[in-house]
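For reference, the structure discussed in these notes is given below.
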Protein chains: 2
Amino acid sequence: MSHTYEYPRPALTVDCVVFGMDEEDLKVLLIKRGLEPFLGKWALPGGFVRMEESLDDAARRELEEEAGIRPSHLEQLFTFGEPGRDPRGRVVTVAYFALVKLSDHRVHASTDAREAAWFSVWDTPKLAFDHADILGTALQRLKGKVRYQPIGFELLPPKFTLTQLQRLYEMILERPLDKRNFRKKILSMELLEELDEVEQDVSHRAARLYRFDHKKYRQLEKAGFNFEL
Amino acid sequence: MSHTYEYPRPALTVDCVVFGMDEEDLKVLLIKRGLEPFLGKWALPGGFVRMEESLDDAARRELEEEAGIRPSHLEQLFTFGEPGRDPRGRVVTVAYFALVKLSDHRVHASTDAREAAWFSVWDTPKLAFDHADILGTALQRLKGKVRYQPIGFELLPPKFTLTQLQRLYEMILERPLDKRNFRKKILSMELLEELDEVEQDVSHRAARLYRFDHKKYRQLEKAGFNFEL
DNA sequence: CAACATAGTGTCCAAGTGACACCAAGTCAA
DNA sequence: TTGACTTGGTGTCACTTGGACACTATGTTG
């Protein structure tokens with residue numbers, strides 16, 4: 001213990017589970033590996049932490065570099081450090097959990113030379129390393145968190161209909177919700193701003209649009225409010 | 001990216017927030033540092049992760065070495081990696097959250113040559129590094145978790161009275177609870193085994209003892225049960 | 001045996017949760 | 001233009017749950 005730097009050191013990486021959502025499905029962003037090990041396999045975006053940057057910064061930097069993405073929500077998920085998780089040797093990874101509005105990132109999921117793509121979370125290819133575990137942990141977190149914190153909105157476009165919102169919750173929680181009860185509950189939280197607009201280009205009656213009121217949310221949150229669904 | 005091991009590596013440690021509880025207070029275990037930096041200051045128990053051990057193992061080993069403690073509950077808390085958090089250079093620490101039955105560990109809080117002691121969590125000395133932040137995060141976790149998972153039992157002796165249990169919840173949540181409502185709620189979960197014993201050596205009517213039924217808990221947990229307080 | 005300290009127990013009201021079905025509005029095609 | 005189709009939008013009632021509230025029971029001590 002007396003000579004700190006004599007210790008051999010595990011390598012340190014960050015890996016990000018980025019969720020997005022479209023009409024059909026909850027999606028996760030994957031990158032095709034261009035290097036050994038697991039060359040050609042799909043993996044979570046991530047990479048080595050630099051000496052002068054914080055862990056959060058490393059996660060943001062990797063997302064920007066590998067996929068041109070700036071997530072609207074980013075939080076640390078869990079640190080995975082089993083000795084055998086990387087065939088090259090000891091690599092510890094700090095996993096992150098991110099949400100993006102897919103509408104902002106649909107086009108150039110791939111920047112760089114790398115290949116990036118969105119996959120349905122229920123139907124991913126085999127992943128490199130222990131990334132399937134990481135994805136599983138992230139899904140659990142999303143499911144748990146969505147029930148008592150209104151983070152789901154980070155997955156929707158700024159203006160959305162109540163039906164879209166309900167579908168989002170149904171996809172994440174993997175169970176159907178009652179339309180009237182859902183609307184009652186959500187509207188009673190008073191976190192939605194009702195707009196004087198309706199959705200466009202639909203071949204049936206158009207639904208009213210709403211916007212999430214971030215400012216009000218922050219106020220109520222500070223006041224120790226409860227947002228259980 | 002192509003030569004993994006060229007990257008400089010942050011040093012990697014684990015630090016543990018160990019909670020215990022006695023009649024008066026919720027306690028946290030601290031160790032007096034015998035080395036620079038922060039020599040003589042109080043700090044969380046912890047140390048460097050070895051190349052061949054998992055993070056969990058590292059946390060357990062450090063607790064055993066520094067305080068002779070085997071926690072009854074141990075889980076990863078959060079990873080702290082701000083570049084400036086250690087004056088010696090870049091050190092990333094994976095923080096752990098542990099619960100022990102103080103009755104088992106009251107005597108030799110200190111093994112080794114080190115000085116270890118239990119402090120009231122509401123009245124700790126100034127801590128080394130960013131350990132005050134880590135302790136704060138752990139307290140939040142304890143408060144949050146206790147509301148929907150029966151982990152509080154890990155802080156009590158195997159046999160306890162309902163009053164002890166209520167005091168535990170009151171200390172953690174920092175608010176008074178109604179005796180009748182509390183008992184109603186706890187007993188309705190059917191996780192407590194009512195024993196044919198009462199507490200000893202009290203100078204008033206003795207209370208009935210209960211035991212937490214771990215087996216039943218695991219069953220109900222698997223069945224997707226809800227243990228909200 | 002009186003004073004004490006804590007154990008142990010039930011009711012009522014308010015709020016919240018969940019089950020449930022129909023009319024409204026707009027689109028589309030014949 | 002009209003009828004069929006698709007989704008939008010709305011209220012009630014039964015039940016459950018959460019929270020406020022006060023007295024008697026039992027053992028100890030001086």
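Below, chains carry the letters A, B, ... as their sequence lines are ordered, and counting in each starts from 1.
In this structure, A/L187 atom CG and D/dG11 atom C1' are separated by 14 Å, rounded to whole Å. A straight line from CG of B/N226 to P of C/dT17 spans 13 Å, rounded to a whole angstrom. The nearest whole Å value for the distance from the CZ atom in B/F182 to the P atom in C/dA7 is 12 Å. One can place NZ of A/K185 at 20 Å from C1' of D/dG9, the figure rounded to the nearest angstrom. Taking atom CD of residue A/Q166 and atom P of nucleotide D/dG9, one finds them 12 Å apart after rounding to whole Å. Put simply, CG on B/D201 is 19 Å from P on C/dA5, counting in whole angstrom units. As a whole-Å value, the separation of B/N181 CG from C/dT11 P is 14 Å. Taking atom CD1 on B/I186 and atom C1' on C/dT9, their separation rounds to 17 Å, with Å as the unit.
Put simply, the side chain of B/R180 and the base of D/dA22 share a donor and an acceptor less than 3.5 Å apart. Residue side chain A/K184 does not reach the base of D/dT10 through any donor-acceptor N/O pair under 3.5 Å, judged by distance alone.
The residues B/E199 and B/R208 are annotated as not salt-bridged, no charged nitrogen and carboxylate oxygen being separated by less than 4.0 angstrom. Remark: B/K159 engages B/E197 in a salt bridge, criterion side-chain N to carboxylate O under 4.0 Å. Ion pairing of B/K216 with B/E193 is absent here, as no side-chain N (NZ or NE/NH1/NH2) approaches a carboxylate O to less than 4.0 Å. With salt bridges taken as basic N to acidic carboxylate O contacts below 4.0 Å, none links B/R211 and B/E194. With salt bridges taken as basic N to acidic carboxylate O contacts below 4.0 Å, none links A/E64 and A/R60.
Atom NZ of A/K145 has more than 12 neighbouring heavy atoms from other residues, nucleotides or ligands inside a 6.0 Å radius.
A donor-acceptor pair under 3.5 Å is absent between the side-chain atoms of A/E75 and the main chain of A/H73, judged by distance alone.
Nearest-nucleotide mapping onto DNA chain C: of A/D178 and B/D178, the residue sitting toward the 5' end is B/D178.
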Identify all pairs in which a protein N or O lies below 3.5 Å from an N or O of nucleotides 6-8 of chain D, and state each distance.
from: D/dG8; atom 1: OP1; to: A/T163; atom 2: OG1; distance (Å): 3.0
from: D/dG8; atom 1: OP2; to: A/T163; atom 2: OG1; distance (Å): 3.2
from: D/dG8; atom 1: N3; to: A/R205; atom 2: NH1; distance (Å): 3.3

